[in-house]
2 protein chains.
Amino acid sequence: MGCVTATTGRGSGTRAPGNRAPRNRLSPDERRSQLLDLGVRLLATRSLDELSIDLLAEEAGISRGLLYHYFGNKHAFHEAVVRRAADDLIAQTAPPVTGDPIERLLASVTAYVDYVVANYEGYLSLVKGAAGGNEAIRQIYDDARNALTDRIFREDAQGQIIEDTPAARLLMRGWGAMTEDLVLSWLVDPTGVTREELLAMMAQSLPALGSILPQPSVVEH
Amino acid sequence: MGCVTATTGRGSGTRAPGNRAPRNRLSPDERRSQLLDLGVRLLATRSLDELSIDLLAEEAGISRGLLYHYFGNKHAFHEAVVRRAADDLIAQTAPPVTGDPIERLLASVTAYVDYVVANYEGYLSLVKGAAGGNEAIRQIYDDARNALTDRIFREDAQGQIIEDTPAARLLMRGWGAMTEDLVLSWLVDPTGVTREELLAMMAQSLPALGSILPQPSVVEH
DNA sequence: CATTCTATTGACACTTGTTCAATAACGCCA
DNA sequence: TGGCGTTATTGAACAAGTGTCAATAGAATG
């Protein structure tokens with residue numbers, strides 16, 4: 001019993017039998033880049049275990065083996081994809097260096113929002129990867145967010161908005177989480193809030209939060 | 001060629017050959033409850049695909065088949081675990097009904113923080129599940145968080161802190177995200193911030209954010 | 001045109017989720 | 001107490017996906 005014909009037939013996609021697709025030979029850099037881009041796109045809507053190597057390979061027009069040749073295993077591929085998305089985010093949101101602190105903060109926030117709008121897929125890969133992934137991936141995500149907020153903390157709003165204490169660091173982190181949630185929620189349903197209102201909300205919330213810091217005082221009522 | 005002896009030998013754990021563990025027959029409710037509790041615990045530190053049915057079954061002292069009998073498949077089990085964690089959260093953070101709005105807000109926030117501290121594992125299951133999981137699971141998570149924030153919005157701080165507009169809703173959601181990040185970050189590294197400072201930070205941040213809402217006005221500088 | 005190099009493949013082995021007929025513990029009634 | 005139906009539980013077979021590696025084919029080089 002058992003030992004059915006196995007049917008390991010991992011069909012080579014939708015191709016007439018006998019005329020297999022010609023090999024498409026690229027340089028390692030090109031291939032790597034192609035696969036990472038594809039990964040970013042595919043992992044924006046699926047979680048890692050919803051993305052099979054089969055689908056990925058077919059979508060890329062390569063064999064499964066090639067993916068292992070480049071990335072070793074599925075999780076390493078995921079990690080590379082997340083790292084690519086994170087690097088991209090950091091690079092494309094370089095802060096301005098002119099204007100007063102408030103203006104620069106607004107500019108930073110604007111760059112961030114514009115990036116997320118323009119690269120929704122890539123940003124989702126990053127966020128979703130961080131949440132579902134292992135420790136290494138979460139680290140990449142944390143580093144990226146720290147880089148973003150530290151940039152605002154040090155360069156754009158140095159000392160003028162909030163000072164540097166453990167409580168301030170914590171609150172700053174919280175502000176980052178809020179900011180991320182604001183963009184993503186707004187993108188899902190933007191009704192009733194314009195882009196400018198969103199930007200103002202994000203920029204103004206930081207000094208507003210900073211105001212509760214120095215010596216905590218209850219709000220008037 | 002193929003058809004090796006298959007060796008499907010999914011060893012029944014660490015048990016001497018021949019003396020299998022006696023069946024432990026529970027009522028469906030008890031068994032379900034046991035499995036959900038275990039799931040909450042195990043999924044606090046692993047992601048779903050890092051948790052094999054094998055491990056789960058062994059840890060619970062049951063066969064793999066039984067899990068399928070109760071939950072159908074792995075994802076349905078995950079969903080049930082997340083739902084249990086969410087229900088638990090809602091139930092155990094019932095808000096107080098006395099005091100002025102600010103006091104009630106502080107009490108709500110305190111109940112939330114205390115719950116997370118006391119049920120760290122369960123809360124992590126919820127958060128991690130929501131991030132890595134499918135749409136249904138994310139829905140459960142969103143509903144739970146909306147229930148929490150709506151409670152504060154309607155009952156604890158009705159109209160007295162912020163009014164009800166799309167922008168306010170959005171900001172409220174963002175505040176929720178910030179609050180969650182604050183607790184979890186603080187738990188990871190509490191140095192420099194006391195529990196009371198954290199609570200004050202969370203409670204005061206809501207009116208502080210509300211102050212930027214009505215007609216956006218740039219902060220003084 | 002022959003040869004070397006290497007990007008790429010495809011079949012195979014292995015792990016793990018899923019199904020289902022068989023089994024054994026429990027309550028019930030004679 | 002002992003047979004009997006009910007049903008919680010099991011284990012082996014099945015399916016689908018991941019990871020491995022020797023063989024292959026496209027390009028560059030002489």
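A quick note: this is a predicted structure, and the numbers were derived from the prediction, not measured. By convention in this document, chain letters (A, B, ...) are assigned in the order of the sequence lines, proteins followed by strands, and residues within each chain are numbered from 1. Side chains included, hydrogens not; waters and symmetry mates left out as well; all remaining heavy atoms used.
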Sequence neighbours left out, cut at 3.5 Å: what donor-acceptor pairs do the side chains of residues 75-84 of chain A make with other protein atoms?
| from | atom 1 | to | atom 2 | distance (Å) |
| --- | --- | --- | --- | --- |
| A/Arg84 | NE | A/Asp37 | OD1 | 3.0 |
| A/Arg84 | NH2 | A/Ser33 | OG | 3.1 |
| A/Arg84 | NH2 | A/Asp37 | OD1 | 3.3 |

So, A/Asp143 and A/Arg138, do they make that salt bridge, N to O below 4.0 Å?
no
Test item: B/Leu36 and B/Phe71 side chains (from C-beta on) under 4.5 Å apart, heavy atoms
yes
Test log, rule salt bridge (Lys or Arg N to Asp or Glu O under 4.0 Å), inputs B/Asp150 and B/Arg169
CA-CA 10 Å; B/Asp150 273 13; B/Arg169 285 273 165 190; 3.1 Å; yes
Has the side chain of A/Arg64 got a donor or acceptor that lies under 3.5 Å from a partner of the other kind on the base of D/dG19?
yes
Flag, side chain of A/Lys74 to backbone of A/Tyr68, donor-acceptor distance under 3.5 Å
no
Looking at side-chain heavy atoms only, is the closest gap between A/Ser47 and A/Lys128 below 4.5 Å?
no
Counting N and O atoms only, with roles assigned by atom type, does the side chain of B/Thr149 sit under 3.5 Å from a partner on the main chain of B/Asn146, one being a donor and the other an acceptor?
yes
Enumerate the ring-ring contact (aromatic ring centres under 6.0 Å, His included) contacts for residues 31-52 of chain A, please, sequence neighbours excluded, ordered by first and then second residue.
none
Interface with DNA chain C, restricted to residues 23-35 of chain B and to heavy atoms under 4.0 Å
B/Arg23, B/Arg25
Kindly state which residues belonging to residues 48-56 of chain A come within less than 4.0 angstrom of DNA chain D, counting heavy atoms of the residue only, listed by number.
A/Leu51, A/Ser52, A/Ile53
Please list, in numerical order, the residues of residues 133-140 of chain B that have a heavy atom closer than 4.0 Å to any atom of DNA chain C.
none
Any heavy-atom pair between the side chains of A/Arg151 and A/Thr93 that's under 4.5 Å?
yes
Do any of residues 68-83 of chain A sit with a heavy atom less than 4.0 Å from DNA chain C, and if so which?
A/His69, A/Tyr70
Test your reading of the model: is there a side-chain donor-acceptor pair from A/Glu180 to the backbone of A/Ala177, 3.5 Å cut-off?
no
Give a yes or no on whether the backbone of A/Ala60 and the side-chain of A/Gln34 come within a donor-acceptor separation of less than 3.5 Å.
yes
Kindly say whether A/Ser27 contributes a backbone atom to a donor-acceptor pair with the side chain of A/Glu30 at under 3.5 angstrom?
yes
Pick from A/Asn24, A/Leu26, A/Leu35: which one makes a side chain to side chain contact (heavy atoms under 4.5 Å, CB included) with A/Ile62?
A/Leu35
Spacing of B/Leu67 atom CG relative to D/dG11 atom C1', expressed in whole Å:
15 Å
